[in-house]
Amino acid sequence: MTYLLDTDTCIYWIKDINSVRTKVREIGWEQISICTITVAELYFGAYNSQRVVENLTRAEDFIQNLPVVALNDSALRKYGELKAELRRIGQTIAEFDLLIASVALVEN
């Protein structure tokens, strides 16, 4: 099974949070991937920080070590389906989180 990490989990890894690092090591680095939305969010976080150069380096080192799953038509369609269903039942999820979830679902 491959795990698609959410942006928050990636940030915890980059910040050296031991519980996240332990879990990722248990799963196995070769079972981990991220999606293009996470890459965008990591770059935003770096550029929006007080230590841009340092955080860009940390983000890029992290990104380069993982497969990056692209958004595709199936994920975008799933996003539309999920967002419509969530709206019907009165639930909301942040747009980028919903896109990441859509990628995860279509990529199994």
Side-chain angles (χ1 to χ4, degrees):
M1 175 185 294
T2 299
Y3 292 81
L4 185 69
L5 297 184
D6 180 76
T7 308
D8 290 340
T9 305
C10 297
I11 291 167
Y12 297 150
W13 174 275
I14 291 168
K15 288 186 173 183
D16 205 20
I17 304 299
N18 197 35
S19 59
V20 170
R21 287 186 171 242
T22 299
K23 186 63 175 175
V24 168
R25 286 186 186 110
E26 286 174 10
I27 293 167
W29 195 250
E30 66 282 350
Q31 298 299 316
I32 303 294
S33 61
I34 57 176
C35 77
T36 52
I37 297 299
T38 300
V39 172
E41 288 187 304
L42 290 173
Y43 280 127
F44 168 72
Y47 280 110
N48 194 46
S49 71
Q50 297 295 317
R51 298 184 316 264
V52 174
V53 173
E54 176 186 341
N55 288 328
L56 273 174
T57 299
R58 293 170 78 185
E60 288 172 343
D61 287 347
F62 180 80
I63 293 163
Q64 290 174 5
N65 285 305
L66 289 170
V68 176
V69 180
L71 283 174
N72 59 34
D73 288 343
S74 296
L76 296 171
R77 182 181 181 121
K78 178 58 79 175
Y79 167 83
E81 176 189 348
L82 291 173
K83 185 171 180 174
E85 178 60 28
L86 289 170
R87 180 170 283 173
R88 275 192 283 284
I89 63 173
Q91 293 278 66
T92 58
I93 295 178
E95 299 292 328
F96 283 167
D97 290 339
L98 191 55
L99 278 167
I100 292 168
S102 299
V103 171
L105 287 169
V106 300
E107 296 294 329
N108 293 319

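Because the structure is predicted, anything quoted here is derived from the model rather than measured.
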Discussion item. Looking at D73, I want to see if its CG is surrounded by more than 12 non-hydrogen atoms of other residues, nucleotides or ligands under 6.0 Å.
Written reply: no
Discussion item. Just checking F62: does its CZ atom have more than 12 heavy atoms from other residues, nucleotides or ligands closer to it than 6.0 angstrom?
Written reply: yes
Discussion item. For a 4.5 angstrom cut-off between non-hydrogen side-chain atoms, does F96 reach T38?
Written reply: no
Discussion item. Quick one, T36 and V68 - any side-chain contact, counting heavy atoms below 4.5 Å?
Written reply: yes
Practice prompt. Assess whether side chain to side chain contact (heavy atoms under 4.5 Å, CB included) is satisfied between L5 and W13, documenting all intermediate values.
Written response: CA-CA 10 Å; L5 297 184; W13 174 275; 6.0 Å; no
Worksheet item: What closest approach, in Å, do C35 and V103 show between heavy atoms, and which atom pair accounts for it?
Response: CB-CG1, 4.1 Å
Practice prompt. For the pair W29 and L66, evaluate side chain to side chain contact (heavy atoms under 4.5 Å, CB included) and give the outcome as yes or no after the intermediate values.
Written response: CA-CA 8 Å; W29 195 250; L66 289 170; 3.6 Å; yes
From [atom1] ([X]) to [atom2] ([Y]), nearest 0.5 Å:
X	Y	atom1	atom2	value
I100	T9	CD1	OG1	9.5 Å
T22	I27	OG1	CD1	11.0 Å
L42	I37	CG	CD1	11.5 Å

Fill in: Worked check of salt bridge (Lys or Arg N to Asp or Glu O under 4.0 Å) between E54 and R58
CA-CA 6 Å; E54 176 186 341; R58 293 170 78 185; 3.8 Å; yes
Item to complete: Indicate yes or no for a side-chain donor-acceptor contact from N48 to the backbone of F44 under 3.5 Å, with no hydrogens or angles considered.
Response: no
